[in-house]
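See below for the structure under consideration.
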Amino acid sequence: MGRRNNEPNSILSHRLILPLVCFASCGLVYAFLSAVLTNSRNRVSEFGRLVEDGVAAENDRGCCRGIENLELWGAAVKWGSEFKFNSSEGCCNACKSMCSGKDGPCLCDTWVFCGDRKACGSKFGECWLKKQKDSLAPERQEGTPPGEVIGWTSGLIFGKGEGIIGLETEYGTLHIKLLPDCAPHSVAYILELLALHHCAGCRFYRAESRGQSWDSEGNHIENAAFGPPYALIQGTLEAQGTAFNKLPVEDCPTLKRGSVAWIGSGPEFFISLADHSEWKNEYTVFGSVLPEDMHFAEKITTLPTIPDVWNNVNVTVLEKPVPLLLRRIQKSHLDEM
């Protein structure tokens, strides 16, 4: 009698367990598929965002320049065979979108675009986004046969705390943020100098204060003259024993306090101690002195000078030129910048 009463309970319990097992299994499968599909959508969304950023930039006349006939190497973070644009600007800006400085270190610091339709062939439009081991010494393709056309255009992007060099003088070190997206040829030359580990002959030889024409923030004082003095320190960046090739004119924005610019095609350069809108857009700007170091530049203008006249312009030349050295700056020291 007792056995007969237990059989219905046993059958009932088995009938309840089977649906529960099936339900749990379905739940696990659903969770797995949801995770896979969500990750896939995120990857597609991220890819689409990069494309949109690049395409939107193709009509943007912002600063996004590279060097033609140059193929930079490095670890690929986006494969060009699956990532194409109609212009180098789109490729450049796709790299920039991965280097906003808001979410840690740059994921991309190098872009390589194949823009020569004849030389590139089926690779035309490919955009490779890469990451250098050392952004101040980028890897490049070597051993190209003479006469062979390199269809690639390459550029660098320096993010937060990156691309900063030091101009070291006895009065302090001027930390300069380089601007490869605006003046790629100029920055490439500076990186060549940096690799020499010396800059014999590099020096400041002219120094002029802000006088009574500009305030301490570089703003022009109303109704004041525009010089002299002209609020700048001038020098040369040419290492003795090395051949210098004239640099092309690149981005020439309005000069601001801290702008580092070439005079003509270099190697003569100057650092502006004030805003110089009156000079229009005549000078290639390849870097900017960090604001906290401008007092070192100001200090050089207090050194003894000799008046002189250059091309009917009154100038003041340092009695004793100030030698300078180019130094690498460790990123870890500038992460907060």
Side-chain angles (χ1 to χ4, degrees), residues 49-70 72 74 78 85-102 105-115 127-132 135-136 138 152-165 175-192 218 237 246-266 269-272 275-277 279-291 334 337:
R49 182 184 64 80
L50 289 174
V51 172
E52 288 176 359
D53 288 344
V55 171
E58 292 192 33
N59 296 321
D60 182 4
R61 301 184 66 183
C63 207
C64 216
R65 299 171 179 237
I67 298 178
E68 295 181 352
N69 304 315
L70 171 67
L72 291 178
K78 186 65 69 175
F85 287 100
N86 293 324
S87 72
S88 60
E89 288 81 4
C91 184
C92 168
N93 278 282
C95 183
K96 278 188 174 183
S97 71
M98 300 176 69
C99 190
S100 65
K102 298 177 182 178
C106 287
L107 299 178
C108 171
D109 58 20
T110 304
W111 57 271
V112 184
F113 175 76
C114 208
C127 171
W128 290 76
L129 305 184
K130 304 180 180 183
K131 178 70 174 177
Q132 297 290 331
S135 59
L136 291 180
W152 300 91
T153 296
S154 299
L156 294 173
I157 302 295
F158 290 150
K160 183 178 181 181
E162 297 176 328
I164 297 175
I165 64 165
H175 293 82
I176 295 175
K177 173 79 171 185
L178 297 175
L179 306 174
D181 49 342
C182 292
H185 292 274
S186 301
V187 171
Y189 172 69
I190 297 298
L191 297 186
E192 289 176 6
L237 286 173
K246 290 184 177 181
L247 295 165
V249 175
E250 300 185 277
D251 191 52
C252 300
T254 301
L255 293 168
K256 302 292 185 180
R257 176 173 167 81
S259 293
V260 187
W262 297 118
I263 297 174
S265 299
F269 80 108
F270 67 92
I271 296 175
S272 178
D275 297 347
H276 282 297
S277 59
W279 289 350
K280 308 301 179 183
N281 304 94
E282 297 181 4
Y283 302 95
T284 295
V285 174
F286 62 90
S288 180
V289 177
L290 299 187
L334 298 161
M337 294 179 182

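Judged purely by atom type and a 3.5 angstrom limit, Ser265 uses its side chain to pair as donor or acceptor with the backbone of Leu247. In this structure, the side chain of Glu250 engages the main chain of Ser186 through a donor-acceptor pair within 3.5 Å. Side chain of Asp275 to backbone of Lys256: no donor-acceptor contact under 3.5 angstrom is found. Lys177 places a side-chain N or O within donor-acceptor distance of the main-chain N or O of Glu162, the cut-off being under 3.5 Å. Without hydrogens or angle criteria, Asn281 side chain to Cys252 main chain gives a donor-acceptor distance under 3.5 Å. Looking at Thr153, its side chain never comes within 3.5 Å of a backbone N or O of Gly66 through a donor-acceptor pair.
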Walk me through it: do Leu136 and Leu191 pass the test side-chain contact (heavy atoms from CB on, under 4.5 Å)?
CA-CA 6 Å; Leu136 291 180; Leu191 297 186; 3.7 Å; yes
Verdict with supporting geometry, Cys108 and Cys99, disulfide bond (SG atoms under 2.5 Å apart)
CA-CA 6 Å; Cys108 171; Cys99 190; over 6 Å; no
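Phe270 has its ring centre less than 6.0 Å from the ring centre of Tyr283.
By the 4.5 Å heavy-atom criterion applied to side chains, Leu156 and Leu72 are counted as neighbours. Within the 4.5 Å cutoff, the side chain of Trp111 has no heavy atoms near those of the Phe85 side chain.
Here the closest heavy-atom approach between residue Pro138 and residue Gln132 is recorded as CA-OE1, 3.4 Å.
Considering Ser154, Cys127, Cys91, Ser88 as possible partners of Val112, the one that fulfils the side chain to side chain contact (heavy atoms under 4.5 Å, CB included) test is Ser154.
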